[in-house]
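A, B, ... follow the sequence lines: proteins, then strands. Residue 1 opens every chain. Just so it is clear, the values below take in all heavy atoms, side chains as well, and ignore hydrogens, waters and symmetry mates.
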Amino acid sequence: MAQQEPSYWLMKSEPDVYGISQLKKESTTLWDGIRNYQARNYMRTMAIGDKAFFYHSNCKPPGIVGIMEIIKLGLIDPTQFDPKSNYYDPKSLKEKPRWDCVELKYLGRFSEMLSLEEMRSIYTQEELPVIRKGNRLSILPIPTKTAKDILKRLGKFS
DNA sequence: GCCAACGTTGGC
DNA sequence: GCCAACGTTGGC
């Protein structure tokens with residue numbers, strides 16, 4: 001079977017908690033701490049080689065700052081079993097973990113960010129679900145057409 | 001700091 | 001299984 005074209009995603013993180021510069025330094029990271037079933041289920045539909053836009057949330061201004069690649073799937077999120085973690089889930093059982101995650105690789109940071117405000121002025125809600133008001137989901141699919149347009153618009157990344 | 005949106009919890 | 005109460009996210 002021919003290699004499938006990669007899908008594109010948007011993944012949010014607060015820069016104060018984990019920002020793009022930290023990922024650049026570490027090169028790869030486990031995207032742990034997801035405690036929302038819809039976001040988790042999106043991660044479960046990811047494929048190796050898919051690309052994800054890194055979105056800085058809860059900051060000024062919020063927006064897309066870089067791009068990553070999915071390199072590992074279906075990893076158990078270790079923070080669910082760690083009582084000291086903010087993401088500790090006492091209801092999750094070792095023999096039946098509730099939360100899993102993916103591993104990501106840093107691909108680049110855009111020389112200029114694409115702010116939420118700009119995204120709203122360029123795309124419709126159908127083209128880019130994240131701009132819908134009140135969308136709190138931290139992992140969202142991005143239609144391929146929109147993703148390619150964003151990449152073209154942002155041009156080179158470093 | 002406010003608050004809209006919305007997911008989760010738990011009593012019934 | 002409904003739904004009120006509560007908690008969290010995240011833009012503003």
(Q) So if I define the base as every atom that isn't primed, P, OP1 or OP2, how would nucleotides 2-12 of chain C read as a B/S/- string at a heavy-atom cutoff under 4.0 Å? (A) -----BBBBBS
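Along DNA chain B, the nucleotide nearest A/K91 and the nucleotide nearest A/N36 are compared for position; the residue whose nucleotide lies closer to the 5' end is A/N36. Of the two residues contacting DNA chain B, namely A/R98 and A/K133, the nearest-nucleotide position lying further toward the 5' end is that of A/K133.
Between A/D149 and A/R153 there is a salt bridge, since at least one side-chain N of the basic residue sits less than 4.0 Å from a carboxylate O of the acidic one. The pair A/D89-A/R35 does not meet the salt-bridge criterion, since no charged nitrogen lies less than 4.0 angstrom from a carboxylate oxygen. With salt bridges taken as basic N to acidic carboxylate O contacts below 4.0 Å, one links A/K148 and A/E5. The pair A/D100-A/R40 does not meet the salt-bridge criterion, since no charged nitrogen lies less than 4.0 angstrom from a carboxylate oxygen.
Below 30°, between 30° and 60°, or above 60°: for A/Y18 and A/F54 the angle between ring planes is below 30°, a parallel geometry.
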